[in-house]
Novice: 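Have a look at this one.
Side chains included, hydrogens not; waters and symmetry mates left out as well; all remaining heavy atoms used. Order of listing sets the numbers, starting from 1, for every ligand and every atom in it. These numbers come from a predicted model, not from an experiment.
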Amino acid sequence: MQSQCAEIQTQVSGRVLEITINRPERKNALTMAMYAAMADLLNEAAGDPGVRVVILTGTSGVFTSGNDLTDFLGGSASGEESPVFRFMHALYHFPKPVIAAVAGPAVGIGTTLLLHCDLSIAEDDAVFQMPFVNLGLCPEYGSSFLLPRIMGHAKASELLLLGKKFDAQTAADVNICNEVVYAGGALDRARVYAAELAQKAPEALRLTKKLLRQGTLENGMKAIQEEAGHFMTRLKSEEFREAATAFMEKRPADFSRFD
Ligand code: COA
C-alpha cells in the first residue's frame, strides 16, 4: 500500500498497516498533501482484506505538531472536500481497529484524532495540547462533543479554554490514551496489540467496533460538521491571523485590540 506523499510513509506486515507521519523538521506538522495521503490510505485499507489493523504513528520523539499553520494561513483548508475533512471522515468511519503510538508533542489534531482511535499508547515524554482558543480557533473533529463525555465538563473546559499542555499520565487519567510506556516504547507496544488484534475474528472485531461507537456516531458527526463550519470561519478571522503570525514570528499573540 503506497502513500502518494513522501512525508507519509507506510509499511504492511502481518496484515497490519503502519502509517508514519514523517516531517520531523517541522515537528510533523500536517500539510494538505499529508492529510490527502492519509485519507487515501485509510479509504483503501478499509476495503482491503490484507489490512486488519492500522497503526498511526510519528517519528522518534514527535507525533505531530498538528495542522501546518503556514498552510492554514495560506487559506488552503476549505470545504468538506478538503483533505483535512477527507482524512477526518476516513478515520471517523474506518471500520477496523486503529492504534495510535504517540511520542513527544501531540498538538491540536494530534490530540483530537486520538479520540477517534481505538487504542492509544503514549510514551512518558508525550505532551498533549489542544491550543485552539490560543490560536483564535475553536475545537475540531468532534472534540467539543466527545471530551466532556469522556472526562467530564470541568476537565474538558480546562483543556479547551485554557489550551494547556498536559502530560502522558494526565492523558491516561482523562481517558485520552490507554497506556503510558517508557520513551521509545510506544510503537513496540502498539505492534504487540496490533499483532494480537490481527489474529482475531475480523468480522467480530468490526462489529464490536461499530457497536462501541454507535451511541456517539450520529451526534458526533453533527458536532464535527458544526465545528467545521465555525473552524473555517475562524481561519479567516483576524484573531487567527494574529495568532499564527505571532507563532511564525516567535512572539506571544496580542489579542488586546479585539472586541
Ligand atoms: N505549523 C508550521 N510549522 C511548525 C508547526 C506547525 N504546526 N509546528 C512547528 N513548526 C515549525 C516551527 O516554526 C519551527 O520552524 P523553524 O525551524 O523554521 O523555526 C520548526 O517547526 C521546529 O519547531 P519548534 O517550535 O522550534 O520546536 P519545539 O520543539 O520548540 O516545539 C512544538 C515543538 C510542537 C511544541 C511547537 O512547535 C508548537 O507549539 N508548534 C505549533 C503547534 C500548533 O499550534 N499547532 C496547530 C494546532 S491547530
Novice: Would you check the N or O atoms of Lys165, main chain and side chain alike, for any that come under 3.5 Å of an N or O of ligand 1?
Specialist: no
Novice: Could you list which atoms of ligand 1 come closer than 4.0 Å to a heavy atom of Lys250?
Specialist: 19 (O)
Novice: Suppose we measure from atom 20 (C) of ligand 1 to each protein heavy atom; which comes out shortest, and what is that distance?
Specialist: Glu25 O, 3.6 Å
Novice: Give the residue and atom name of whichever protein heavy atom lies nearest to atom 6 (C) of ligand 1, and the separation in Å to one decimal.
Specialist: Ala29 CB, 3.6 Å
Novice: Below the 3.5 angstrom mark, is there an N/O of Pro131, backbone or side chain, next to an N/O of ligand 1?
Specialist: no
Novice: Report yes if some N/O of Lys27 lies less than 3.5 Å from some N/O of ligand 1; otherwise report no.
Specialist: yes
Novice: Could you tell me which non-hydrogen atom of Ala228 sits nearest to which non-hydrogen atom of Phe85, and how far apart they are?
Specialist: CB-CE2, 3.1 Å
Novice: Please report the C-alpha distance between Tyr193 and Ile55 in whole Å, then the side-chain angles of each, then the deciding distance to 0.1 Å, and finally whether the side-chain contact (heavy atoms from CB on, under 4.5 Å) criterion is met.
Specialist: CA-CA 10 Å; Tyr193 287 139; Ile55 294 176; over 6 Å; no
Novice: Please determine which of Asn22, Thr20, Thr64, Asn28 meets the side-chain hydrogen bond (donor to acceptor under 3.5 Å, both in side chains) test together with Thr59.
Specialist: Asn28
Novice: Look at atom 7 (N) of ligand 1 and say which protein heavy atom is nearest, naming residue and atom and giving the distance to 0.1 Å.
Specialist: Asn67 O, 3.0 Å
Novice: For ligand 1, is Gln129 a contact, meaning one of its heavy atoms is under 4.0 Å away?
Specialist: no
Novice: Would you name the heavy atoms of Pro97 and Phe94 that are closest together and state the gap between them?
Specialist: O-CE2, 4.4 Å
Novice: Can you tell me if Glu140 contacts ligand 1 (heavy atom of the residue under 4.0 Å from the ligand)?
Specialist: no
Novice: What residue and heavy atom of the protein are closest to atom 44 (O) of ligand 1, and at what distance?
Specialist: Leu135 CD1, 3.6 Å
Novice: Output yes when a protein non-hydrogen atom is found under 4.0 Å of atom 17 (O) of ligand 1, and no otherwise.
Specialist: yes
Novice: What's the verdict on side chain to side chain donor-acceptor pair (under 3.5 Å) for Glu7 and Thr31, showing C-alpha distance, side-chain angles and the deciding distance?
Specialist: CA-CA 9 Å; Glu7 290 154 335; Thr31 61; 4.5 Å; no
Novice: Starting from atom 4 (C) of ligand 1, locate the nearest protein heavy atom and write down its residue, its atom name and how far away it is, to 0.1 Å.
Specialist: Phe247 CE2, 3.8 Å
Novice: For the pair Phe87 and Tyr35, name the ring-plane relationship: parallel under 30°, tilted 30 to 60°, perpendicular over 60°.
Specialist: tilted
Novice: Which class fits the ring pair Tyr141 and His116: parallel under 30°, tilted 30 to 60°, perpendicular over 60°?
Specialist: parallel
Novice: Can you tell me the protein heavy atom closest to atom 1 (N) of ligand 1 and the distance?
Specialist: Leu69 N, 2.9 Å
Novice: Nearest to atom 8 (N) of ligand 1, what protein heavy atom do you find, and at what distance?
Specialist: Ser65 OG, 3.0 Å
Novice: For atom 23 (O) of ligand 1, decide whether some protein heavy-atom distance is shorter than 4.0 Å.
Specialist: yes
Novice: Which residue and atom name correspond to the protein heavy atom nearest atom 11 (C) of ligand 1, and how close is it?
Specialist: Arg26 CD, 3.6 Å
Novice: Give the atom numbers and elements of ligand 1 that come within less than 4.0 Å of a heavy atom of Val107.
Specialist: 42 (C), 43 (C), 45 (N)
